[in-house]
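Taking it in order: structure first as structure tokens, then the write-up.
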Amino acid sequence: MTPLPRDQFPAVNRWAYLNHAGICPLPVSSVEAMHRQALEVSLDGEFTYAAHSAAIERVRTSAATLMGVPSRDVAFVKNTSTGLGFVANGLDWSPGDRVVIPDFEFPSTLFPWLALADRGVVVDRVRGSLTTEAFAETIAAGPPPKLVVTSWVQFGHGRRVDLAALSRVCREVGALFCVDVIQGLGVIPARLEEWGVDFAMADGHKWLLGPQGCGVLYVRESCLDLLRPLEPGWNSVAHREEWDNLDYVPDSTARRLEGGMPNVAGIVGLGASIELLLAAGAEEIWSHVDGLCERIRDGFSEIGATVLSEPGAAYRSGIVSVRVGDLPMPLLAERLKARGIACSARSGGLRISPHGYTTEDEIDRLIVAVREILG
Ligand SMILES: Cc1ncc(COP(=O)(O)O)c(C=O)c1O
């Protein structure tokens with residue numbers, strides 16, 4: 001038995017699907033929720049809106065539960081990049097303000113800060129292994145940064161950053177703390193508020209098992225007024241749907257960042273996926289995936305691979321990256337695809353990312369296939 005029900009994932013009939021760090025296959029309940037919403041609008045147009053609006057608020061609550069934050073602090077956004085952009089462009093910067101960020105990041109996690117160069121913002125990179133000490137050293141090497149940014153889990157080799165420890169370092173120097181959580185949320189239990197994260201964002205299409213282009217942004221209540229809402233619209237104000245009231249009074253919750261019509265189909269689809277995750281239990285999913293990842297590390301070590309992901313319990317995530325044999329890793333990923341095994345090649349490694357419905361048999365199938373391909 002897997003924590004997530006396999007009959008929710010038709011992809012298992014075609015693939016050993018080990019690429020949740022890329023794009024997940026959608027569960028049946030998510031597809032059905034989106035289909036139902038579209039069908040209802042096809043029949044009743046605007047008369048569906050009140051019910052769909054109430055559904056959106058329920059999804060906000062479940063997303064907040066999964067993130068470990070209050071629901072009033074969650075806004076729906078188009079994707080992770082948009083969430084990062086709301087923080088980068090919403091904060092008030094002065095020339096010389098510092099941002100500290102890991103040296104190697106996913107492009108979307110880095111670019112919003114580099115794009116602030118014309119406002120005099122200085123970006124300092126943390127080199128080498130992403131220990132809390134390495135962050136602290138970079139932070140201490142200059143004036144106190146205005147913001148520290150990191151991915152919770154690095155997209156390439158899957159190294160997890162200790163958010164609670166890093167947030168303490170941020171607090172000591174008065175820095176805000178922004179975390180791209182897309183590579184962790186949905187597979188590793190999250191307590192973002194308790195850990196001291198100020199801003200966090202993720203799209204649905206990886207570990208959340210949701211549709212593409214529908215994500216969540218967390219803004220700690222005490223930080224909300226620090227962000228200028230970049231897309232004010234009818235949905236951003238306290239008195240939304242009072243169409244003749246033209247006073248601009250931003251809503252007191254993170255919803256002020258949602259300008260106009262939300263992506264209703266996407267949000268209800270995401271909601272169904274999050275319900276699956278909550279029903280399975282965050283701890284159960286993580287313990288299952290962590291066990292599968294250990295099997296991946298052991299299996300690849302036995303066939304002489306180099307495991308690029310750090311094995312320490314504090315650093316582990318749902319991603320295991322390995323280098324094996326003489327083939328370029330993208331070619332190996334292609335050969336595996338031809339055998340019905342979905343992985344990806346990133347950062348010089350074969351990136352393997354199972355989820356809560358993956359079986360040990362599927363991991364064993366991967367190892368056997370790699371052994372056969374490499375002869
Ligand atoms: C760390 C990280 N951030 C962001 C993204 C994707 O960003 P978006 O949701 O804007 O497409 C990825 C996708 O691979 C990622 O690994």
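One-based numbering, in listed order, for ligands and for the atoms of each.
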Problem - Within 6.0 angstrom of Asn13 CG, more than 12 heavy atoms from elsewhere - result: yes
Problem - Exceeds 12 heavy-atom contacts within 6.0 angstrom, atom CD of Glu242 - result: yes
Completion exercise
ligand 1 atoms nearer than 4.0 angstrom to some heavy atom of Phe155 are 16 (O)
Practice task
Look at ligand 1 and say whether His205 reaches it with a heavy atom at a distance under 4.0 Å.
Solution key: yes
Problem - Ser151, portion touching ligand 1 at heavy-atom distance under 4.0 Å - result: side chain
Handout entry: ligand 1 contact on Val153 by region, counting heavy-atom pairs under 4.0 Å
Key = neither
Problem - Short N-O contact, Arg119 and Asp92, less than 4.0 angstrom - result: no
Completion exercise
Scanning both residues in full, the closest heavy-atom pair of Arg160 with Ala313 reads NH2-O, 3.3 Å
Exercise for the section: Compute the ring centroids of Tyr357 and His20, then answer whether they are less than 6.0 Å apart. Expected result: yes
Problem - Residue His35 excluded, over 12 heavy atoms near NE2 under 6.0 Å - result: no
Fill in the blank from the handout: Honestly, for Thr80 the part within reach of ligand 1 (heavy atoms, under 4.0 Å) is both
Handout entry: atom 5 (C) of ligand 1: the protein heavy-atom neighbour that sits closest, reported with distance to 0.1 Å
Key = Phe106 CE2, 3.2 Å
Handout entry: ligand 1 contact on Gln183 by region, counting heavy-atom pairs under 4.0 Å
Key = side chain
Fill in the blank from the handout: Note: Lys206, heavy atoms under 4.0 Å from ligand 1, region reported as side chain
Fill in the blank from the handout: When distances are taken from atom 3 (N) of ligand 1, the protein heavy atom at minimum range is Asp180 OD2, 2.6 Å
Completion exercise
Near Thr109 (heavy-atom distance under 4.0 Å), the atoms of ligand 1 are 1 (C), 3 (N)
Problem - Leu276 CG to Ile285 CD1 distance, which is reported to the nearest 0.5 Å - result: 8.5 Å
Practice task
Could you walk me through whether Glu105 and Ser151 pass the side-chain hydrogen bond (donor to acceptor under 3.5 Å, both in side chains) test, one step at a time?
Solution key: CA-CA 7 Å; Glu105 268 294 357; Ser151 290; 2.7 Å; yes
Practice task
Please write down residue, atom name and distance for the protein heavy atom closest to atom 10 (O) of ligand 1.
Solution key: Ser81 OG, 2.5 Å
